[in-house]
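Step one of this worksheet: look at the structure below.
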Amino acid sequence: MPTNVTHEYANAEELYVRAKTIEEKIAATEEMIRHAPKHKGAEKLLKMLKQRLAKLREDLEEKREKKSGRGASQSFAVKREGAVQVVLIGAPNSGKSVLMGKLTAAKPEVADYPFTTVEPQPGMMQFEDVQIQMVEAPAVVEGSSIGKGLGAKPLSLARSGDVIAIVADASSDLVGQVSTILNELVTVGIKVNKKPPAVLIERRPSGGLEIKGGNLVEGGEIKVKQMLLDHGVHNVVVAIDEPLDAEEFTEALEGRVVYKKAFILVSKCDSIGADRRIQDLKWEFGGEFKILLTDRPAERIKREVYENLGLIRIYTKPPDGAPAKRPLVLPKNSNVADVAREVHKDFANRLKFAKVWGSSKFPGQQVPKDYVLQDKDVIELHV
Ligand SMILES: Nc1nc2c(ncn2[C@@H]2O[C@H](COP(=O)(O)OP(=O)(O)OP(=O)(O)O)[C@@H](O)[C@H]2O)c(=O)[nH]1
Ligand SMILES: [Mg+2]
């Protein structure tokens, strides 16, 4: 928020934040430009507003084209590159672009006013020999999910990404910021650091309702049947493994909710009062989330981010040959069969045994398919 702005400017900004439609945003931005300070120090602000106006007009154009059936519909999602895609989600001005600049090769625009980034900004983070794609999502505010600020599009990036990094700014209430982001995510059907309900639902063309473990659901099998019929499901196999409440069952049935891993990146740790706010954040969210402070050298943050992603690197090697230079990157606790599957779809079936260097008792030890691998293991697959 720039200082020394007029009352009219502040009102126009308020209108912008509350605007729901593109048309309203355009009107508010025009108003902001009209009332923006015109002195030399405010040049950047004016430039930003003009760029934003241009972008909004483009969006409006696109919307009209879509409505009239012209123009290709564009997705906001960013094509995944690298081993994993981490989406940075945070409040306006929370330091997301600064972090992108620190951790990746991208050079996003950084500025001291909200809504600088209006398009997803991808960048590649190189940690040792692993490439991790980071995507800065445009800012999320309270009500983004229902169209406020830049609308729900930034949240949709979290749905398509693999892991969510919540960026929270230690110069203001951290617990409040994280709570807001989590609320917005839940509103669009994204739950973080939670186990998906242990239920399998397979629709089929005929055969009626077949329910296993129905009594594990709140209300029992009768309730399950009723919920299925309410959803127009008449032929299905349902297998429930753990106790569920009715809401969780509905959620699984509708298949709208996605489950993502998330962690918190704290920016502006150098601001006054940051220590206290970080302490409060740890009290409130430390059990559920890994909290990484970003006032550290880039290499250290990268390592912490990598360690937090729950990945392992595996180097395959041919018999009598050298290990591959580039690792395969898999989720932690992957076993030999998982590696084989990653190399080739039917490799896993043909696999007889493997030899492992690294985590094994001795170098080149022969191990079975279900042997669980560790980061940096070298593996020789024998089919
Ligand atoms: N003191 C301090 N200032 C920071 C830090 N990180 C970012 N800033 C400042 O905060 C402002 C916003 O930074 P950005 O990285 O543009 O924020 P953003 O989250 O990308 O903002 P939007 O794209 O508008 O949502 C800039 O003026 C930065 O210089 C930090 O660690 N310490
Ligand atoms: Mg930004």
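Just so you know, ligand 1 is whichever comes first in the structure, and atom 1 is the first atom listed for that ligand. Computed from a predicted structure; not experimentally measured.
Between Arg277 and Asp280 no salt bridge is recorded (no basic side-chain N to carboxylate O distance below 4.0 Å).
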* To do: Could you walk me through whether Arg303 and Glu128 pass the side-chain contact (heavy atoms from CB on, under 4.5 Å) test, one step at a time?
  => CA-CA 9 Å; Arg303 171 173 299 280; Glu128 295 179 351; 2.9 Å; yes
* Asked: Between Glu218 and Phe249, does a side-chain contact (heavy atoms from CB on, under 4.5 Å) hold up when you go through it step by step?
  -> CA-CA 9 Å; Glu218 183 189 36; Phe249 182 78; over 6 Å; no
* To do: Determine, stepwise, if the pair Thr104 / Met124 fulfils side-chain contact (heavy atoms from CB on, under 4.5 Å).
  => CA-CA 5 Å; Thr104 75; Met124 201 58 89; 5.6 Å; no
* Apply side chain to side chain donor-acceptor pair (under 3.5 Å) to the pair Gln133 and Glu81, showing each step before the final yes or no. => CA-CA 6 Å; Gln133 187 181 41; Glu81 282 171 15; 4.6 Å; no
* CA sep, side-chain torsions, deciding dist, call: Asn335, Asp338, side-chain contact (heavy atoms from CB on, under 4.5 Å) -> CA-CA 5 Å; Asn335 61 25; Asp338 296 324; 3.1 Å; yes
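Nearest non-hydrogen protein atom to atom 25 (O) of ligand 1 is Lys96 NZ, 2.9 Å. Closest protein heavy atom to atom 24 (O) of ligand 1: Thr116 N, 2.7 Å. Nearest protein heavy-atom contact of atom 29 (O) of ligand 1 is Val110 CG1, 3.9 Å. Among all protein heavy atoms, the one lying closest to atom 7 (C) of ligand 1 is Val98 CG2, 3.4 Å. Among protein heavy atoms, atom 1 (N) of ligand 1 sits closest to Asp270 OD2, 3.1 Å. Protein heavy atom in closest approach to atom 14 (P) of ligand 1: Gly95 CA, 3.8 Å. Of the protein's non-hydrogen atoms, Asn93 N, 3.1 Å is the one closest to atom 21 (O) of ligand 1. For atom 8 (N) of ligand 1, the closest heavy atom belonging to the protein is Lys268 CE, 3.6 Å.
Listed by number with element, the atoms of ligand 1 under 4.0 angstrom from any heavy atom of Pro114 are 24 (O). Against a heavy-atom cut-off of under 4.0 Å, Tyr113 is close to the following atoms of ligand 1: 24 (O). Of all the atoms in ligand 1, the ones that sit under 4.0 Å from a non-hydrogen atom of Phe115 are 24 (O). Proximity to Ser94 (heavy-atom distance under 4.0 Å) selects the following atoms of ligand 1: 17 (O), 18 (P), 19 (O). Those atoms of ligand 1 that come under 4.0 Å of a heavy atom in Ser97, given as number and element, are 15 (O), 16 (O), 18 (P), 20 (O). Atoms of ligand 1 found under 4.0 Å from any heavy atom of Pro92 (numbered from 1 in listed order, with element): 25 (O). Of all atoms in ligand 1, listed by their number and element, those nearer than 4.0 Å to a heavy atom of Ala139 are 25 (O). Heavy-atom contacts of Glu136 reach the following atoms of ligand 1: 20 (O), 23 (O) (cutoff under 4.0 Å).
Ring geometry for His382 versus Phe353: interplanar angle under 30°, hence parallel rather than tilted (30 to 60°).
Under 4.0 angstrom from ligand 1, the non-hydrogen atoms of Ala111 all belong to its backbone.
Remark: Arg313 is positioned above the aromatic ring of Tyr306, its terminal NZ or CZ atom under 6.0 angstrom from the ring centre and at most 45 degrees off the axis.
You'll find the ring centres of Phe289 and Phe263 outside the 6.0 Å limit.
For the Mg ion (ligand 2), protein N, O or S atoms under 2.8 Å: 3 in total.
What you find for Ile312 and Ile314 is that their closest heavy atoms are CD1-CD1, 3.8 Å. Taking all atoms of both residues into account, the shortest heavy-atom contact from Met227 to Ala246 is SD-O, 3.8 Å.
In this structure, the side chain of Glu242 does not engage the main chain of Pro197 through any donor-acceptor pair within 3.5 Å.
Side-chain atoms of Glu136 and Thr117 include a donor-acceptor pair closer than 3.5 Å.
Test Glu8, Arg52, Met48 against Met32 for side-chain contact (heavy atoms from CB on, under 4.5 Å) and you get one pass: Arg52.
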